[in-house]
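Throughout, residue positions are numbered sequentially from 1 according to the sequence presented. This one's a predicted model, so the numbers in the text were calculated from it and none came from an experiment.
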Amino acid sequence: MSQPPPPSLREAVLAITSADHVAHLTDVHSGLVLRAYKPCATGHAGGFTALSASAPHFAVLLKDKGVLAVFSHDRDQPLSKCPLPERLRTVSASPSGRLLAAGSETGKLYLWDAASGALLQVVDAHFQAITAIAWSWDEVMVASGSADAIVKVFEVASMADPLAPPPPPLHTLSTHTLPITALSFSHSPSATGRLFSASLDHAAKAHDLATGATLATYLCPSPIHGLALDPADMTVYLAGDAGAVYSTPLVGAPGVALAGSAPVISLRASWCSVHPTARVTSVAVSPSGTRVVAGTASGTVSIVDAGSRTVVRSLPAMSAPVVGLHTMIVHEPAAPLVSSSHGHRNNNNNDSRSKVSGSSLPLVATLARFKAASAADVADFALAAPSTFPNGSGLVEDHGLAAVDRFLLAVGDLN
């Protein structure tokens with residue numbers, strides 16, 4: 001009996017637009033389309049989020065629908081659609097996929113437990129629409145950026161307690177002058193990490209997470225529409241106007257420092273040009289750091305070799321502006337599967353977890369519209385909460401267990 005071909009690991013990019021209802025997962029090296037998903041159009045940058053680091057599980061705020069569509073890796077149609085408490089603009093899952101944050105047009109920041117759908121917290125974080133959300137890799141902090149030009153950083157432990165009042169931010173960063181377009185944490189622990197912000201004011205900034213101080217400012221000739229770090233935190237890539245991608249090393253970059261201020265680095269020349277006229281709307285880096293992916297307002301997606309700065313592949317143009325790119329490593333069979341009709345379909349919506357490489361990956365339950373009002377309302381969530389969190393993949397134990405302990409004490413009071 002012949003054996004099936006061995007699976008292979010691929011670096012892939014998921015590209016989503018503002019109007020094209022089909023999103024494609026494409027191999028960044030060969031250009032091969034691995035999956036196609038629909039409907040997937042979202043209205044704004046930040047309107048979709050990956051739910052897994054190892055497979056294309058993701059969620060999309062469907063354009064003009066007021067619902068969150070959740071996709072599994074093996075289905076071309078949504079696994080579920082969750083109604084939302086109001087029109088949301090941005091959504092972001094924590095690195096472990098356990099928590100889901102979303103920002104509204106009115107400046108509210110929502111936090112849900114993804115597995116149960118429990119609404120843990122609602123914070124009036126900003127005066128205008130939330131345009132970007134990012135998580136630290138250890139899930140100790142979550143940051144929101146807004147059209148009001150403010151960035152706020154919150155401790156997840158204080159946000160994740162549904163019995164506590166909305167917490168104040170750990171840091172309020174007001175160094176930008178125009179709307180925030182992108183946020184990204186460095187890959188180091190929060191205690192020694194940095195937060196990078198980009199804005200339409202032509203500037204990207206690096207902030208110290210311990211103090212909230214600005215460490216450096218990177219000035220571009222044009223507004224900045226997107227930001228990405230390489231996996232080693234050695235280089236930052238910025239999406240600019242007229243097809244320009246800007247880049248600067250984060251170690252040893254020359255800059256001008258005024259007395260009592262952080263250094264300012266001017267990026268006068270583009271790192272690479274991916275289109276003659278269209279603005280670059282999104283930028284991402286492959287997990288290996290060897291490829292930079294840039295999407296534009298004209299619907300093009302270009303793959304750039306990070307070493308030579310040359311465009312090595314252009315993906316088929318889409319019919320609408322690219323608003324989101326996400327790169328990942330996928331565990332694929334030798335033959336590509338563009339549609340779930342070529343593989344196994346799981347039509348049982350009660351099974352909200354899919355098996356990939358032998359691991360169980362959480363998706364998203366129906367999201368609660370209202371925050372729990374009493375200990376009884378959070379009992380189920382408390383009993384389901386893990387007693388420990390894995391280092392590096394969930395909440396840091398010293399921070400996360402405090403909130404879980406409060407849940408368990410509340411449940412004990414009911415007995």
Side-chain angles (χ1 to χ4, degrees), residues 49 51 59 68 70 82-86 88 90-104 106-127 130 133-144 146 152-172 190-191 209 352 362-391 393-415:
T49 180
L51 300 175
L68 181 76
V70 180
C82 306
L84 300 170
E86 63 172 305
L88 300 180
T90 55
V91 63
S92 180
S94 63
S96 68
R98 183 167 179 249
L99 298 173
L100 189 72
S104 75
T106 60
K108 287 185 173 67
L109 180 63
Y110 291 83
L111 184 69
W112 284 277
D113 172 69
S116 68
L119 179 58
L120 304 179
Q121 196 59 261
V122 183
V123 180
D124 288 316
H126 296 274
F127 296 108
I130 294 179
I133 296 174
W135 294 82
S136 64
W137 288 90
D138 54 12
E139 294 187 25
V140 170
M141 298 181 185
V142 61
S144 61
S146 170
K152 293 189 177 182
V153 182
F154 295 88
E155 287 185 310
V156 173
S158 61
M159 286 278 290
D161 186 348
L163 301 181
L170 179 66
H171 300 302
T172 297
S190 296
L209 289 177
S352 63
L363 295 180
V364 180
T366 300
L367 300 178
R369 289 172 175 253
F370 303 100
K371 183 182 172 183
S374 67
D377 294 334
V378 299
D380 291 340
F381 173 73
L383 293 174
S387 58
T388 59
F389 293 95
N391 291 334
S393 61
L395 292 172
V396 170
E397 187 169 343
D398 290 342
H399 294 261
L401 285 182
V404 175
D405 287 343
R406 285 194 290 271
F407 296 158
L408 296 177
L409 287 173
V411 174
D413 291 341
L414 298 177
N415 298 329

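- Atoms CG and CD, on D113 and Q121 in that order, are 13.5 Å from each other to the nearest 0.5 Å.
- With sequence neighbours excluded, the residues forming a side-chain contact (heavy atoms from CB on, under 4.5 Å) with S92 are T49, I133, W135, listed by chain and number.
- Taking OG of S144 as the reference point, atom NZ of K108 lies at 13.5 Å (rounded to 0.5 Å).
- Here the CG atom belonging to D138 is positioned 3.5 Å from the OG atom belonging to S190, to the nearest 0.5 angstrom.
- Partners of L367 under the side-chain contact (heavy atoms from CB on, under 4.5 Å) rule, at least two apart in sequence or in another chain, are L68, C82, L84, L100, W112, V364.
- Checking side-chain atoms of K152 against main-chain N and O of A125 turns up a donor-acceptor pair under 3.5 Å.
- Between S104 and T106, the closest heavy-atom pair is OG-OG1, 2.8 Å.
- Nearest approach of I130 to T90, heavy atoms of both residues: O-CG2, 3.4 Å.
- Counting all heavy atoms, side chain and backbone alike, L209 lies closest to H171 at O-NE2, 2.8 Å.
- In terms of heavy-atom proximity, V123 sits nearest to P166 at CG2-CB, 4.1 Å.
- When all heavy atoms of Y110 and P85 are compared, the closest pair comes out as CE2-CG, 3.6 Å.
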Practice problem: Evaluate side-chain contact (heavy atoms from CB on, under 4.5 Å) for R369 paired with L119, printing each intermediate quantity in order. | Solution: CA-CA 7 Å; R369 289 172 175 253; L119 179 58; over 6 Å; no
Practice problem: Tell me, with the steps shown, if L109 and V122 meet side-chain contact (heavy atoms from CB on, under 4.5 Å). | Solution: CA-CA 6 Å; L109 180 63; V122 183; over 6 Å; no
Exercise. Please test V153 against V142 for side-chain contact (heavy atoms from CB on, under 4.5 Å), starting from the C-alpha separation and ending with a verdict.
Key: CA-CA 6 Å; V153 182; V142 61; over 6 Å; no
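- One finds the OG atom of S96 at 11.5 Å from the CH2 atom of W137 (value rounded to the nearest 0.5 Å).
- Side-chain atoms of E155 do not come within 3.5 Å of backbone N or O of L170 as any donor-acceptor pair.
- By the 4.5 Å heavy-atom criterion applied to side chains, L51 and V70 are counted as neighbours.
- For the pair G117 and A365, the tightest heavy-atom approach, listed with the atom from each and the gap, is N-CB, 3.8 Å.
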